[in-house]
Protein chains: 2
Amino acid sequence: MTEIETSCDPQQCREIGERCAVLNLRKAARLMTRLYEETMKPAGLLPTQFSLMVAIRAMDPVRMSQLAAVLAMDRTTLTRNLRPLERQGLVTTGPAAEDRRTREVRLTPEGQARLALALPLWRQAQTRVAERLGEARLSRLLADLQAVATTFLPE
Amino acid sequence: MTEIETSCDPQQCREIGERCAVLNLRKAARLMTRLYEETMKPAGLLPTQFSLMVAIRAMDPVRMSQLAAVLAMDRTTLTRNLRPLERQGLVTTGPAAEDRRTREVRLTPEGQARLALALPLWRQAQTRVAERLGEARLSRLLADLQAVATTFLPE
DNA sequence: GCCATATCAGTGCATATACACTCATCCCAT
DNA sequence: ATGGGATGAGTGTATATGCACTGATATGGC
């Protein structure tokens with residue numbers, strides 16, 4: 001008779017830990033987040049907040065859903081992630097004139113100044129990563145991460 | 001005289017979004033998390049919880065700090081991430097006999113059964129990723145992510 | 001043996017993440 | 001013009017993440 005799998009041996013689990021895409025992605029993300037967080041601390045922006053502001057500035061003004069889609073972030077997560085930035089007066093959101101259901105997100109002048117302040121620190125973190133990981137490996141990693149994004153982003 | 005950078009143009013921000021390591025890592029992690037979460041839903045384990053149980057089983061029994069180090073997860077984050085698993089009776093923690101400051105983490109028999117239940121679903125998710133991303137690219141990505149881990153893990 | 005220090009784990013607080021549900025606005029068919 | 005479905009955004013709840021701080025136990029110098 002066939003056996004139903006009711007256990008899982010440790011050696012098998014070690015192999016899974018080596019090969020699991022989500023585990024390794026999240027683990028690397030935690031490490032990278034800490035590195036950027038430490039480096040950019042003087043600018044008073046956490047990595048997610050910096051990323052958000054960069055994305056906003058790239059499309060300024062941009063609607064909530066559009067921004068969420070580009071970042072592959074849930075729309076409701078975006079709503080909450082904008083809160084600390086709004087509280088600090090770095091971004092504003094307001095209903096669009098043409099469609100009052102939508103909200104347009106913008107960087108304030110203070111937000112632009114803060115982002116400009118953070119840019120050199122970001123470059124510093126990025127340079128450190130490139131040095132320690134190697135330019136070639138970093139470029140390859142970024143390309144593969146973008147492949148993940150285009151492959152799994154709901155079109 | 002030299003100008004202080006007080007603004008940041010949108011085009012520059014688009015380039016930063018393309019090259020930023022932390023942004024692209026977190027974005028890919030969000031997408032991958034959703035894929036595994038959906039696939040493994042029938043087993044009642046979120047991706048982080050599955051990863052945690054795999055890591056525990058690989059070293060069973062394992063001390064809190066040791067587990068946190070392997071996962072590159074803050075020790076206090078680990079404490080809280082174990083809660084839902086303890087509540088479901090899938091893992092237990094208790095002080096080690098030799099040093100009562102430390103706590104040893106173990107999978108319960110129920111935890112082992114649940115992990116065995118989740119394994120085929122994990123394989124299904126992993127296979128889907130390999131198919132859509134390509135075996136070669138996935139292997140390369142995993143190798144680079146592990147390079148990130150070894151490079152930026154403390155000591 | 002005893003205290004100073006080091007080490008291990010938990011709490012309080014804040015941010016990050018997303019699903020289910022709700023509310024507001026728009027648009028179209030009648 | 002209006003009512004009903006479609007679409008955009010927010011809330012409630014739960015998990016994930018980590019820093020600063022606290023409490024508990026071990027250990028070494030005396």
Side-chain angles (χ1 to χ4, degrees), chain A residues 22-23 25-38 40-41 44-53 55 62-69 71-88 90 93-105 154, chain B residues 22-23 25-38 40-41 44-53 55 62-69 71-88 90 93-105 154:
Chain A
V22 72
L23 187 161
L25 262 174
R26 292 181 70 99
K27 179 173 163 181
R30 284 191 291 269
L31 287 164
M32 205 57 83
T33 299
R34 272 177 246 175
L35 187 148
Y36 279 78
E37 186 172 330
E38 187 180 2
M40 311 214 311
K41 194 165 198 165
L45 290 177
L46 297 173
T48 297
Q49 298 172 346
F50 174 79
S51 299
L52 213 44
M53 289 179 71
V62 57
R63 297 188 178 175
M64 293 286 294
S65 294
Q66 188 185 354
L67 187 54
L71 294 167
M73 185 178 284
D74 189 87
R75 196 181 39 69
T76 70
T77 300
L78 178 59
T79 294
R80 291 178 223 260
N81 286 356
L82 285 176
R83 293 245 165 103
L85 297 175
E86 286 180 296
R87 206 180 326 120
Q88 292 181 73
L90 303 178
T93 66
E98 326 84 66
D99 185 344
R100 276 176 305 165
R101 288 173 304 181
T102 69
R103 294 175 75 79
E104 285 178 341
V105 187
Chain B
V22 71
L23 188 159
L25 262 174
R26 293 181 70 100
K27 179 173 165 180
R30 285 192 290 270
L31 287 164
M32 205 57 83
T33 298
R34 273 178 242 174
L35 188 148
Y36 280 78
E37 184 172 332
E38 187 178 2
M40 312 215 311
K41 194 165 197 164
L45 289 178
L46 298 174
T48 297
Q49 299 172 347
F50 174 80
S51 298
L52 213 44
M53 291 180 68
V62 57
R63 297 188 178 176
M64 294 286 296
S65 294
Q66 188 186 355
L67 187 54
L71 293 168
M73 185 179 284
D74 189 87
R75 197 182 36 74
T76 70
T77 300
L78 177 59
T79 294
R80 292 179 223 261
N81 285 357
L82 286 176
R83 293 245 165 102
L85 299 175
E86 287 180 295
R87 207 181 325 120
Q88 293 181 72
L90 304 178
T93 66
E98 326 83 67
D99 185 344
R100 276 177 305 166
R101 286 174 305 181
T102 68
R103 293 175 75 79
E104 284 178 341
V105 187

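Chain naming here is simple, since letters A, B, ... match the order of the sequence lines and numbering starts at 1 in each.
- A straight line from CD of A:Gln49 to P of C:dT15 spans 7 Å, rounded to a whole angstrom.
- Nearest heavy-atom pair across A:Arg30 and B:Leu71 is NH2-O, 2.7 Å.
- Sequence order on DNA chain D of the closest nucleotides to B:Asp99 and B:Leu46 puts B:Leu46 first from the 5' end.
- Considering only residues two or more places apart in sequence or on other chains, B:Arg34 meets the side chain to side chain donor-acceptor pair (under 3.5 Å) condition with none of them.
- The side chain to side chain donor-acceptor pair (under 3.5 Å) test applied to B:Glu38 returns no partner, not counting sequence neighbours.
- If you find the closest nucleotide of DNA chain C to B:Thr102 and to A:Met73, the one lying nearer the 5' end belongs to B:Thr102.
- A search for side-chain contact (heavy atoms from CB on, under 4.5 Å) contacts involving B:Thr77 returns B:Met73, B:Asp74, B:Asn81, not counting sequence neighbours.
- Contact footprint of chain B on DNA chain D: nucleotides with an atom under 4.0 Å from a non-hydrogen protein atom, first to last in 5' to 3' order, D:dT15 to D:dA26.
- At the phosphate of C:dT17, OP1 or OP2 sits under 4.0 Å from a side-chain N or O atom of B:Arg26.
- Each of A:Pro47 and A:Arg100 lies near DNA chain C, and the nucleotide nearest A:Pro47 is the one positioned closer to the 5' end.
- Taking CE of B:Met40 as the reference point, atom CZ of B:Phe50 lies at 5.0 Å (rounded to 0.5 Å).
- Within the 4.0 Å cut-off from OP1 or OP2 of C:dA16, not a single side-chain nitrogen or oxygen of A:Thr77 is found.
- Under the side-chain contact (heavy atoms from CB on, under 4.5 Å) criterion, B:Thr79 pairs with B:Met64, B:Arg83, not counting sequence neighbours.
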Worksheet item: Does the side-chain contact (heavy atoms from CB on, under 4.5 Å) test come out yes or no for B:Leu78 and B:Val105, once each step is laid out?
Response: CA-CA 11 Å; B:Leu78 177 59; B:Val105 187; 5.9 Å; no

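- Residues satisfying the salt bridge (charged side-chain N to carboxylate O under 4.0 Å, His left out) test with B:Arg80, not counting sequence neighbours, are none.
- Residues forming a side chain to side chain donor-acceptor pair (under 3.5 Å) with B:Gln66 (at least two apart in sequence, or on another chain): none.
- C:dA9 atom C1' lies 15 Å from atom CD of B:Gln66, rounded to whole Å.
- Atom-to-atom, CG of A:Leu67 to P of C:dT17 comes out at 12 Å; the value is rounded to the nearest Å.
- Between A:Glu98 atom CD and C:dC27 atom C1' there is a gap of 16 Å when expressed in whole angstrom units.
- The stretch residues 30-37 of chain A comes close to DNA chain D through A:Arg30, A:Arg34, each having a heavy atom under 4.0 Å from the strand.
- With values rounded to the nearest 0.5 angstrom, A:Leu52 atom CG is found 11.0 Å from A:Leu90 atom CG.
- Following rounding to the nearest Å, A:Leu25 (CG) and C:dA16 (C1') show an atom-to-atom distance of 17 Å.
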Any N/O pairs under 3.5 Å between the protein and nucleotides 10-12 of chain C? List them or say none.
| residue | atom | partner | partner atom | Å |
| --- | --- | --- | --- | --- |
| C:dG10 | OP1 | B:Arg103 | NE | 3.1 |
| C:dG10 | OP2 | B:Thr79 | OG1 | 2.7 |
| C:dG10 | N7 | B:Arg75 | NH1 | 3.1 |
| C:dG10 | O6 | B:Arg75 | NH2 | 3.1 |
| C:dT11 | OP2 | B:Arg83 | NH2 | 2.5 |
| C:dG12 | N7 | B:Arg80 | NH2 | 3.1 |
| C:dG12 | O6 | B:Arg80 | NH2 | 2.3 |

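- Using a distance-only test at 3.5 Å, with no hydrogens or angles considered, no donor-acceptor pair links the side chain of A:Arg75 to the main chain of A:Ala68.
- Atom-to-atom, CG of A:Leu71 to P of C:dA18 comes out at 11 Å; the value is rounded to the nearest Å.
- Every side-chain contact (heavy atoms from CB on, under 4.5 Å) that A:Thr33 has, sequence neighbours left out, goes to A:Glu37, A:Pro47, B:Val22, B:Arg26.
- Stems are defined here as 3 or more consecutive Watson-Crick or G-U wobble pairs with pairing distances under 3.5 Å; those involving DNA chain D are C:1-30 with D:1-30.
- In this structure, CG in B:Leu85 is found 6.0 Å from CE in B:Met53, a value given to the nearest 0.5 Å.
- Taking the side-chain contact (heavy atoms from CB on, under 4.5 Å) definition, one finds that A:Ala96 meets it with A:Arg63, A:Glu98, A:Thr102, A:Glu104, sequence neighbours left out.
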